[in-house]
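The structure appears right after this line, and notes come after that.
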Amino acid sequence: MIHKESKIYVAGHNGMVGSAIVRELKNRGYSNLLVRSSSELDLRNQNSVYEFFKSEKPNAVVDAAARVGGILANRDFPYQFLMENMQIQNNLIDASLKFEVHKFIFLGSSCIYPKHAPQPLKEEYLLTDSLEPTNEWYAIAKISGVKACEAIRKQFGKDFVSLMPTNLYGFHDNFDLETSHVLPAMIRKFHEAKINNHSNVTLWGSGTPMREFLFVDDMARATIYALENQLPEHLYNIGTGKDITIKTLAETIQDIVGHKGEIIWDKSKPDGTPRKLMDVSKMADLGWTCQVELEDGIRMTYNWFLENIKHIKEVKI
Ligand SMILES: NC(=O)c1ccc[n+]([C@@H]2O[C@H](COP(=O)([O-])OP(=O)(O)OC[C@H]3O[C@@H](n4cnc5c(N)ncnc54)[C@H](OP(=O)(O)O)[C@@H]3O)[C@@H](O)[C@H]2O)c1
């Protein structure tokens with residue numbers, strides 16, 4: 001059982017997801033949190049990770065550390081996306097088994113599911129068809145992490161669980177226009193158009209694809225739910241269970257940012273898959289659902305962006 005004094009190691013605590021988990025754990029009175037930046041502990045290095053676990057002996061581990069990036073980064077660095085992610089997660093998973101961590105939470109992504117899987121995506125669709133080729137390197141690493149945790153549950157009866165978040169957004173997101181996800185990119189584009197008095201904003205595609213977005217603090221609450229409860233299965237989707245068109249997303253963000261003008265859809269640019277929605281009924285059946293409505297989450301994220309505009313994250317590939 002995890003309690004407020006349990007030693008919880010959050011790997012990747014500087015990232016968008018890791019920082020939200022640390023924030024939420026602190027808010028709830030968890031007082032024995034263990035964190036290391038990548039410069040203090042390179043999780044690709046097996047010896048360093050084992051030494052760290054041997055001396056610190058965490059009771060629980062959340063793996064929110066990963067090499068993360070978009071289509072361009074995946075295209076240009078397939079080996080790093082495959083290998084570094086496997087190294088990071090393998091070292092954390094194996095050290096957690098060896099040094100008797102009671103609870104391990106692995107964070108993956110909805111890209112583990114097949115490209116043409118039926119919508120909404122159910123956990124059981126894993127490995128039923130081929131992956132989306134643009135991020136298969138990353139997806140294969142994540143699938144191997146899910147399988148490693150499943151194997152440990154099966155063979156050793158230990159409480160290792162995988163959570164697959166939908167698209168996340170929130171504080172500490174990446175706002176680089178070339179490497180960021182759609183939601184933070186739109187916040188920045190509309191904001192810059194507003195302050196530069198540009199009446200038109202051009203966005204990629206037709207605006208018709210449907211996507212799901214979860215506020216990262218809700219993801220943190222789902223992670224803590226999984227930390228505090230013994231979940232009966234090894235894999236759970238985390239999302240809102242609701243999707244919207246990219247066009248509605250753009251209009252909502254434009255309204256919140258306060259930009260007045262026209263949105264031009266550049267239909268020469270690709271739309272991507274028409275729909276991507278998670279089936280979140282397994283978590284809902286256990287009693288966990290998200291709290292933050294999309295509009296409220298976008299408003300909080302935009303306020304955070306304004307307050308932190310001087311040092312927002314811009315990840316280069
Ligand atoms: N963002 C999303 O929309 C989304 C959606 C679904 C799933 N997820 C999953 O959530 C997890 C975290 O994502 P994120 O968006 O928070 O990513 P992020 O902001 O890029 O953070 C990743 C963190 O991983 C750490 N890291 C990377 N390489 C490392 C290494 N070699 N050694 C030690 N630490 C290392 C980094 O630490 P330093 O800062 O100290 O270098 C960084 O803070 C990932 O597994 C991702 O797949 C994210």
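In this text the structure is predicted, and so the values were computed from the model without any measurement. Start at 1 and go down the list; that is how both ligands and their atoms are numbered.
- Ligand 1 lies within reach of Thr166, whose nearest heavy atom is under 4.0 Å from it.
- Counting atoms of ligand 1 from 1 in the listed order, those under 4.0 Å from a heavy atom of Leu107 are 45 (O).
- Short contacts between ligand 1 and Tyr138, defined as distances under 4.0 Å to a heavy atom of the residue, involve ligand atoms 44 (C), 46 (C), 47 (O).
- In this comparison of Ser48, Ala66, Ser38, Gly108, the heavy atom closest to atom 8 (N) of ligand 1 sits on Gly108.
- Not a single heavy atom of Tyr169 sits closer than 4.0 Å to an atom of ligand 1.
- A distance-only check finds a donor-acceptor pair linking the side chain of Arg188 to the backbone of Phe175 [under 3.5 Å].
- Between Gly18 and ligand 1, not a single N/O pair is under 3.5 Å apart.
- Neither the backbone nor the side chain of His172 comes within 4.0 Å of ligand 1, counting heavy atoms alone.
- Atoms of ligand 1 found under 4.0 Å from any heavy atom of Arg44, numbered from 1 in the order shown, are 31 (N).
- Looking at Thr223, Val68, Asp42, Asn45 and measuring to atom 31 (N) of ligand 1, the nearest heavy atom belongs to Asp42.
- A distance of 6.0 Å or more separates the ring centres of Tyr302 and Phe190.
- Each of the following atoms of ligand 1 lies closer than 4.0 Å to a heavy atom of Ser37: 40 (O).
- The shortest separation from a heavy atom of Gln87 to ligand 1 is not under 4.0 Å, leaving the residue out of contact.
- Using modelled atom types and a 3.5 Å distance limit, the side chains of Ser180 and Asp173 yield no donor-acceptor pair.
- Judged purely by atom type and a 3.5 angstrom limit, Lys103 has no side-chain atom pairing as donor or acceptor with the backbone of Val161.
- Set against the non-hydrogen atoms of Lys142, the atoms of ligand 1 under 4.0 Å away are 44 (C), 45 (O), 47 (O).
- Here atom 29 (C) of ligand 1 lies nearest to Ile88 when heavy atoms of Ile88, Leu92, Leu43, Leu41 are compared.
- If you check each of Pro184, Ala65, Gly239 against atom 26 (N) of ligand 1, the one with the closest non-hydrogen atom is Ala65.
- A cation-pi geometry, defined here as NZ or CZ lying under 6.0 Å from the six-membered ring centre and within 45° of its normal, does not hold between Arg23 and Phe171.
- In this model, no donor atom of one side chain and acceptor atom of the other lie less than 3.5 Å apart for Ser48 and Glu51.
- Of all the atoms in ligand 1, the ones that sit under 4.0 Å from a non-hydrogen atom of Met16 are 1 (N), 16 (O), 19 (O).
- Counting heavy atoms from C-beta outward, Val216 and Ser19 have side chains that stay 4.5 Å or more apart.
- Under 4.0 Å is where a charged nitrogen must lie from a carboxylate oxygen, and between Glu150 and Arg153 no such pair does.
- No donor-acceptor pair under 3.5 Å is formed between the side chain of Asp63 and the backbone N or O of Gln89.
- Between Glu56 and Arg36 there is a salt bridge, since a side-chain N of the basic residue sits under 4.0 Å from a carboxylate O of the acidic one.
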